[in-house]
Visitor: 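First, the structure itself, so that you have it in front of you.
This is a predicted model, so every value here is computed, not measured. Order of the sequence lines fixes the chain letters, A, B, ..., with proteins taken first and strands second; residue numbering starts at 1 for each chain.
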Protein chains: 2
Amino acid sequence: MKLQLQIKMNEALFLRDPENSELGKNILKHSVQLIHKAGFEAFTFKKLAEDIGTTEAGIYRYFENKHKLLVYLTCWYWGWLEFQISFHTNNIKDPTVKLKRVIKLLATAVEDDEQTNYINESLLHQIVISEGSKAYLTKQVGEDNNQHFFKPYKDLCAVIGGVISECNHKYKYPKSLASTIVEMAHIQNFFMNHLPSLTDFGKNKEDREIISFLNDLVFSSLKKE
Amino acid sequence: MKLQLQIKMNEALFLRDPENSELGKNILKHSVQLIHKAGFEAFTFKKLAEDIGTTEAGIYRYFENKHKLLVYLTCWYWGWLEFQISFHTNNIKDPTVKLKRVIKLLATAVEDDEQTNYINESLLHQIVISEGSKAYLTKQVGEDNNQHFFKPYKDLCAVIGGVISECNHKYKYPKSLASTIVEMAHIQNFFMNHLPSLTDFGKNKEDREIISFLNDLVFSSLKKE
DNA sequence: TATTAATGATAGTAATACTATTATTAATAA
DNA sequence: TTATTAATAATAGTATTACTATCATTAATA
């Protein structure tokens, strides 16, 4: 039996559900490839259409504009990651062990998950590192937030914040620490690869070192005296 | 006597030095206002030219494109901030006191500094929060970095990393902790104002709380056992 | 067989991101 | 003083981007 993981997406993000048609799945698949290759600024619906072998208008029937497509992809990623986390931390009682596992999942390069053949999770992970924050660093952040575009990200942070509180009920900043871990797992990765002097990992460029840093950061804060 | 603070800028960032002419200073002044108002995506040289009362071609004589202008402004900001830090921590011996002061300067809303009349530091600070990371989150990071476009940012982080090491010589991640503080001072501010559920500061929206969080984070990590 | 839904093909528009040319003005040097 | 240069203004033009609209074709379904 082949399980197919379906992530329920916010319907305001698309005009036509891309997961319900071949063209839609192709849009997702090729947009991940093209954004990864060209970067979000140089990415256009025209190039995407050429890649797929359809027309620009064809893409516009699915997504209003490239911003919504980016938000869609990041949402998909955060939803997928929350599932990964709940799956891999299932049955772990000790919140400390759990939190360590979460940090590892956040900061480790993702392998392509064969379960969803139309999205390459490894490429998407790299896109979220380089382009993910552009989904909310806009003037429309308020409106987008009103439409719940960032719910998957918030949900993930809320879960992590919960584990943090379990580790230390008296810790005062569980939510901020959660978003700090998530953001820093990505930013330190980006810096390590592109601006290494901003990190202590420039020599080896190992995810493992980012994990150590984050563990140190988090568990120093949560240590009870 | 009126002191004029001049920040030495990387000459590869501009075609003609904007600080050497009225038009150039107007470009800086109005671009800060316009980017703040419209956001970087909607900001164009045409609108900027209209704002100033010059032509598009006039702007292009100073800056190759809006990306370089953004990099210019962020560099200016980091240079200015490094000066603020060196000024306000001058003569402080105790590295712990120094680091606290640095965190405060990073996370506190900036007042417009009358010394430079053509750049509104308060607006620029907000631009750096919302748009600053777009200066390096691009496909051209590598080339831009080769041209030393991020030197002011790196210099600032190096200074902070130095203070961190002074606090605890055995701490293993001074550079990453430094970039974490700088990034988080901004990101937590953005989240507090636009996606408050990602922080613990949503109720009061006070810079003071971000400072407390960062102090807790940093000094837990640097505590020697 | 008729109807509808999705796609393909083509065209068109307004705005963006530039480049080029020529005229005008202001500053400076011969 | 005039001649020269440098900066700016005015105008035009191009390729690309970010869309919208229309109509024909095909596939699925009633």
Visitor: Which residue is it: A:Phe63, A:Tyr77, A:Phe149? I am looking for the one with a ring pair (Phe, Tyr, Trp, His ring centres under 6.0 Å) to A:Tyr72.
Guide: A:Phe63
Visitor: Looking only at side-chain atoms of B:Lys47, point me to the closest of C:dT16, D:dA7, D:dT17.
Guide: C:dT16
Visitor: Any side-chain N or O of A:Thr55 less than 4.0 Å from the OP1 or OP2 oxygen of C:dT10?
Guide: no
Visitor: From the options D:dA7, C:dC18, D:dA18, select the nucleotide whose nearest atom is closest to the side chain of A:Lys66.
Guide: D:dA18
Visitor: Do any side-chain nitrogens or oxygens of B:Arg16 fall under 4.0 Å of OP1 or OP2 in D:dA6?
Guide: no
Visitor: Is the shortest side-chain heavy-atom distance between B:Val110 and B:Trp80 below 4.5 Å?
Guide: yes
Visitor: Under 3.5 Å, is there an N or O donor on one side and an acceptor on the other linking the side chain of B:Arg61 and the base of D:dA9?
Guide: yes
Visitor: OP1, OP2 of C:dG8 versus side-chain N and O of A:Thr54: anything below 4.0 Å?
Guide: yes
Visitor: Any idea which of D:dT20, C:dA17, D:dA10 is nearest the A:Ala57 side chain?
Guide: D:dT20
Visitor: If you compare every side-chain N and O of B:Tyr62 against the phosphate oxygens of D:dT8 (OP1, OP2), does one of them come in below 4.0 Å?
Guide: yes
Visitor: For residues 195-213 of chain B, pull every pair meeting side-chain hydrogen bond (donor to acceptor under 3.5 Å, both in side chains), keeping only residues two or more places apart or in separate chains.
Guide: A:Ser176-B:Asp200, B:Asn204-B:Glu209, B:Glu206-B:Arg208
Visitor: Specify the residue among B:Glu56 and B:Glu22 whose closest nucleotide of DNA chain D lies further upstream toward the 5′ end.
Guide: B:Glu22
Visitor: How many whole angstroms separate atom NZ of A:Lys46 from atom P of C:dT10?
Guide: 13 Å
Visitor: Output the single nucleotide from C:dG8, C:dA17, D:dC19 whose closest atom is nearest the side chain of B:Tyr60.
Guide: C:dA17
Visitor: Among residues at least two apart in sequence or on other chains, which ones pass side-chain contact (heavy atoms from CB on, under 4.5 Å) with B:His194?
Guide: A:Val141, B:Phe190
Visitor: Look through every strand shown and name the nucleotide pairing with D:dA27 as Watson-Crick or G-U wobble, where both distances are under 3.5 Å.
Guide: C:dT4
